[in-house]
Amino acid sequence: MLHNDYESQSCSIAGALEVVGERWSLLIVRDILLGLRRFDELQAHLGIARKVLQTRLQRLQEHGVIERVAYQQHPVRHEYRLTDKGLDLWPTIVALMKWGDRYAPPEGGPAVLIEHRGCGGTVDEHRICERCGAKLKARDAVGRPGPGASPNHPLLRRAAAQMS
């Protein structure tokens with residue numbers, strides 16, 4: 001029987017997998033980093049069952065990776081934002097993305113390109129701006145649609161909405 005926990009493992013990797021090792025967790029974090037913060041946006045983009053998404057969001061919230069914040073009062077509606085703990089997953093997301101760009105890219109190339117907000121330079125797999133050499137954190141960077149972005153990619157939808 002395959003267990004859902006790593007109780008018998010005493011290492012930091014096992015501890016991290018307890019929090020974000022489930023199939024959907026890092027994809028949820030990725031989407032929040034891309035600007036999808038509302039339940040329906042996350043559900044539509046991920047194609048995940050509503051109950052599964054609700055459970056994963058609740059688990060990430062319990063572990064302090066995300067917080068649920070009201071963005072509207074009448075009626076009350078919430079969105080999900082990364083906490084500092086959640087933002088600290090950005091290096092992991094970048095490393096997985098860069099690995100995927102190299103070994104499992106979407107047709108057409110990378111779906112997301114990361115740029116330094118400060119100078120517009122591209123960001124490498126070490127999270128260093130290739131133009132100015134700055135070591136970046138999540139808030140220093142912005143995702144742009146890459147050549148492999150599908151037509152319904154959230155970055156393309158956001159760009160289209162800004163133009164209209």
Side-chain angles (χ1 to χ4, degrees), residues 1-9 11-114 125 138-139 141-164:
M1 177 177 180
L2 185 61
H3 297 282
N4 290 345
D5 60 46
Y6 304 95
E7 201 171 282
S8 65
Q9 301 292 313
C11 80
S12 298
I13 294 172
L17 289 173
E18 280 289 328
V19 178
V20 295
E22 185 280 324
R23 174 182 178 185
W24 294 105
S25 297
L26 287 177
L27 294 176
I28 292 168
V29 171
R30 173 208 62 194
D31 277 7
I32 294 172
L33 281 165
L34 290 174
L36 302 175
R37 293 187 177 90
R38 297 176 184 170
F39 186 94
D40 290 337
E41 293 174 326
L42 291 164
Q43 195 274 326
H45 186 250
L46 292 168
I48 185 175
R50 294 181 72 80
K51 181 68 175 162
V52 173
L53 178 58
Q54 180 181 3
T55 301
R56 297 308 175 262
L57 288 168
Q58 184 174 356
R59 183 160 174 81
L60 290 169
Q61 191 173 352
E62 288 168 0
H63 283 280
V65 174
I66 63 173
E67 60 185 349
R68 189 170 174 243
V69 178
Y71 69 88
Q72 177 180 306
Q73 293 303 319
H74 301 290
V76 177
R77 297 195 187 274
H78 295 90
E79 65 182 15
Y80 297 91
R81 295 185 187 164
L82 293 169
T83 62
D84 287 341
K85 185 176 182 178
L87 287 169
D88 281 348
L89 285 166
W90 186 66
T92 303
I93 298 289
V94 172
L96 283 170
M97 184 186 80
K98 294 294 188 173
W99 187 91
D101 289 348
R102 181 175 294 148
Y103 297 110
E107 189 174 319
V112 176
L113 304 172
I114 305 173
E125 64 272 11
R139 289 191 169 108
V142 62
R144 302 278 185 228
S150 64
N152 69 339
H153 194 281
L155 293 175
L156 286 172
R157 288 197 318 256
R158 184 183 309 144
Q162 289 173 347
M163 295 179 96
S164 56

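Numbers here are sequence positions counted from 1.
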Could you check whether any side-chain N or O of E67 sits under 3.5 Å from a backbone N or O of Y80, counting only pairs where one atom can act as donor and the other as acceptor?
no
Considering non-hydrogen atoms only, spot the tightest contact between R158 and G35 and give its length.
NH2-CA, 3.1 Å
What one should report as the nearest heavy-atom pair of G86 and V29 is O-CG1, 4.5 Å
Residue Q72 excluded, over 12 heavy atoms near CD under 6.0 Å
yes
Is there a donor-acceptor pair under 3.5 Å between the side chain of T55 and the backbone N or O of K51?
yes
Note, F39 side chain near Q54 side chain (heavy atom, < 4.5 Å)
yes
Measure the shortest side-chain to side-chain distance between L60 and V20 over non-hydrogen atoms and say whether it is less than 4.5 angstrom.
yes
Can you measure from CD (E79) to CD (E41) and round to the nearest 0.5 angstrom?
8.5 Å
At their closest point, which heavy atom of A138 faces which heavy atom of W90, and how far apart are they?
N-CE3, 3.3 Å
Could you walk me through whether D40 and R50 pass side-chain contact (heavy atoms from CB on, under 4.5 Å), step by step?
CA-CA 9 Å; D40 290 337; R50 294 181 72 80; 3.1 Å; yes
What distance do T92 atom OG1 and M97 atom CE have between them, rounded to the nearest 0.5 Å?
12.5 Å
Nearest heavy-atom neighbours spanning G109 and P147:
CA-CG, 4.3 Å
Using modelled atom types only, decide if a donor and an acceptor are shared between the side chain of H153 and the backbone of L155 within a distance under 3.5 Å.
yes
Between the CH2 atom in W24 and the CG atom in D31, the distance rounded to the nearest 0.5 Å is 10.0 Å
CG on L57 to CD1 on I28, rounded to 0.5 Å
5.0 Å
Work out which heavy atom in P145 is nearest to a heavy atom in L113; give both atom names and the distance.
O-CD1, 4.2 Å
Within the distance-only criterion (no hydrogens, no angle test), does the side chain of R157 pair as donor or acceptor with the backbone N or O of N152 below 3.5 angstrom?
yes
CD1 of I93 to CG of L87, rounded to nearest 0.5 Å, is 11.0 Å
Rounded to the nearest 0.5 angstrom, the OH-CZ distance for Y71 and R37 is 12.5 Å
At their closest point, which heavy atom of E18 faces which heavy atom of R59, and how far apart are they?
O-NH2, 2.6 Å
When you compare the side chain of Q61 with that of T83, does any pair of heavy atoms fall below 4.5 Å?
no
By the definition side chain to side chain contact (heavy atoms under 4.5 Å, CB included), identify the one residue from L27, L26, I32 that meets it with R30.
L27
